Structure formats: structure tokens, C-alpha cells
Amino acid sequence: MTNDSLFSRAQQVIPGGVNSPVRAFRAVGGTPRFIARAEGAYMWDAEGQRYIDYIGSWGPMILGHGHPAVLEAVHKAAADGFSFGAPTEREIELAEAIIALVPSVEQIRLVSSGTEAGMSALRLARGATGRSKIIKFEGCYHGHADALLVKAGSGLATFGFPTSAGVPAEVVQHTLVLEYNNLAQIEETFTTHGPEIACVMLEPIAGNMNFVRASVPFMTRLRELCTQHGALLVFDEVMTGFRVALGSAQSVYAKLIPGFKPDMSVFGKVIGGGMPLAAFGGTREVMSQLAPLGPVYQAGTLSGNPVATACGLATLKEIAKPGFFDALSARTRSLVDGLNQAARAAGVPFSGDCEGGMFGFFFFESLPQNYGTVMSTDKERFNRFFHAMLNQGVYLAPALYEAGFVSAAHSAADIEATVAAAAQAFKAG
Ligand code: HOZ
């Protein structure tokens, strides 16, 4: 079977041949690779071609594919039952594990996807404050719930839709979209709408417009303005959670801004270890507004699924081992340094950055601070680079608007091979 034949067949029965748009390779052109299996840092497609995997299922596979301890936990949990629709001890263990690692979270609710978690966090923020307006930022993607699907990154950026069709204007009338890292705009918006703002939601390090950090002055002021105006600061850590540091991106900012904490957090990806699991949490006061304690409704048949929680727990246990993040960060840093050097040697305008096991790069002389600048980086060059890397067995995200991920299974030799492939690709132009 070839990737081409599978893609033709898929397009007969699945819109665009894929179950999530960016996978279709529309941005970069060509045929998506149909993955047959994966192990460690590698994936093999239907034609038996091996790739060094820098997508890692878009973030969850922080240990690499098929980690033995995770596999064992999943096998054991599956043998005990796939789903009960009733509480289990493992859900408490996972909640306790997350709370132990993230001090801003006093209570947490488990759900099945990042979209569900973001949508529920938004409802809770509105319910808890009794306010309607929300602030989000251009290029930040918080899943595909209607109210958040405005000027989002990821697939919306890839396909050039500012906002999805099917989202009525009335539904997004309370969504205020501002420029990421723009201090003047948040000041102005709080001055005009302060008492109406339920929450400010952001990706602290945006991973859906490639990789863009919120600046420290911006984050500091966001925190101050939210506190001053009684709005909740909601961190979408679906990508960054337990990925950029053991304490997530909020621990990175807490090191730079004394006493810093968001009010609510949204998690996904790593906490499920590759299974459908996500969560939202925050202070006990806010979380107590959630049903069955409070008036904000939220529910799910597969929430806290026993197999997914086993997978997530086993993953968190591995990443909490001493030295895990130091090693992962050093490996990711060596990749980014290698790419930056190879580009410089070839005279290619390029800038890469990373935190923990998450990285990004742009064909641009400096690191962009907002979506507008990301959109102005060299897309054609990215696309040529993507294919040159793919042809050399390196699988990067098939769109320039997505961050990349290194796992603990990536060896120094994998990084060297990747940098060598990039040097070839840069030379080819
Ligand atoms: N929304 C994801 C990228 N930011 C894509 C998920 C997928 O295609 O699996």
C-alpha cells in the first residue's frame, strides 16, 4: 500500500482525507504520510519509510512512542475495563499528581480533549464572574469551540480563515481579540471594558503560531490588570503543560515574575500520554462553581476514562523523575542551536527558540512577537524546507504555524542527523 493510494481512498470517505485539517498537507503540498507504527523517536509510514518524529502526536509523546512503563500501565488498565461511567481511584491519583506539580491548581476536572477543556474553562470563567466578555489573542488557538474560534492560529492560520464559517457573529460578539504582546492594547481594552471582562485566555508560549513567547512585561501587566479588574487569567497550557517544564509554562513565568500564578489552567496532550485526556483547573473558589457543587454545567461520558488516566499517570511519573527535564531541555536546545548554526553557515535568515521539550523556528532574521509578524515570515521557504527534511526522513509539522516537539527518546545521534539534514536543506535554498 502506498501513501498516495491510502490518501485517494481516505478522500472518498473522510472530508479532505483526514480527521484534523492540518494533517492533510494542504499548506505544504504533497501527500500526507499514513503512519503504520511508531517506536521511540521514530514513525514508519505505510511504505515502510522511517522518519525521526518531531510532532509526537502534536505534543503528547514526551517519552517517545511505546515507552515500556506506559505500555504496561495501559495494558493493565485495559484488562480491568475500558470505561465505567463511574468514578475510579485513578482519577483521584491523576488529579493529585497534577495539583502537586502545579501550585495554582487547587482542584481540577478531567475531560477528553483540549477543545472540551478550553470551552469548559471559558464557561466556568463566565459563570464564576457573572461577566460575558473575554479577551483572547491573535494566533492563539484554544480548540474549536465557537467563542474561541476567532483569529486563532493552527489550522485557521494554515488555511487563511480568520474565523470559521458556521460561527454566528452573535456568538463571538463578546470575544475581544487583541495582538499578542501588545501592552497598549490590553491597557486600552481594560480601561474601556474592565468591569465586563470575565477572563483573559492565552497560550503563555503560543504553539499554534509556531513558537512565540509572551514577554515578561506583557505577562506581568496581564496579571496586574486581571487582578485589578476582577477578571480571571486563564492559561491554555494544552501544549506547554508538562512539556516546557515539569511545572508547565506557569512555572517558567513564576521564576521571572515573583509570586506569579494564573487563576485557571487548561491542560491536555502530555497529561494523557497520547490518549484522549485533558483537564481544566484552578482555585477551589472558582472550581466550586462547577456542577454538581455550583451552577456551571459540564459533563462527559468518557471523562476520566480509566485507560487514558492510566496512560497519563504513567507518563507523569516518568517525567517527574530527577533530571528528566534537564536532559530533555538540553537535547531540544542542541537541536535548535544546531539549526540556528546551520542556517547561519548557509546565509539563510532563520531564528529558532525552545523551552523544555518544545521548539519552533521561522525563516526570519529574528523571533516574531505576534501573529502579524509570524504571517510575514517566508512561507515558501518553510514549505521547501519541510519537504527537503521529509525526503531525508525527518518529520516536522506540515505547516509553519505549528510548534515542534522533542521527546526523551530522541538520541544525540537523531539530533545530529536532523541538523545534518537541515544543513543540506538550507544549502538547497
Ligand atoms: N490542532 C493541532 C495542531 N495545533 C492539530 C492536531 C492534529 O491534527 O492532530
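Just follow the structure's listing: the first ligand is 1, and inside any ligand the first atom is 1. Just so it is clear, the structure is predicted and the values come from calculations on it, not from any experiment.
Within the structure, every pair that satisfies the side-chain hydrogen bond (donor to acceptor under 3.5 Å, both in side chains) test and touches residues 101-110, not counting sequence neighbours, is listed here: Ser104-Gln250, Arg109-Gln298.
When Asn208, Val22, Asn19 are ranked by how near their heavy atoms come to atom 4 (N) of ligand 1, first place goes to Asn208.
For the pair Arg33 (side chain) and Thr31 (backbone), a donor-acceptor distance under 3.5 Å is present.
Polar contact with ligand 1: present for Arg23 (N/O pair, distance under 3.5 Å).
Between Arg213 and Gln369, the closest heavy-atom pair is O-OE1, 4.3 Å.
Listed by number with element, the atoms of ligand 1 under 4.0 angstrom from any heavy atom of Glu402 are 3 (C), 4 (N). Atoms of ligand 1 found under 4.0 Å from any heavy atom of Met239, numbered from 1 in the order shown, are 4 (N).
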Could you list the donor-acceptor pairs under 3.5 angstrom formed by side chains in residues 10-17, with sequence neighbours left out?
residue	atom	partner	partner atom	Å
Gln11	NE2	Phe7	O	3.1

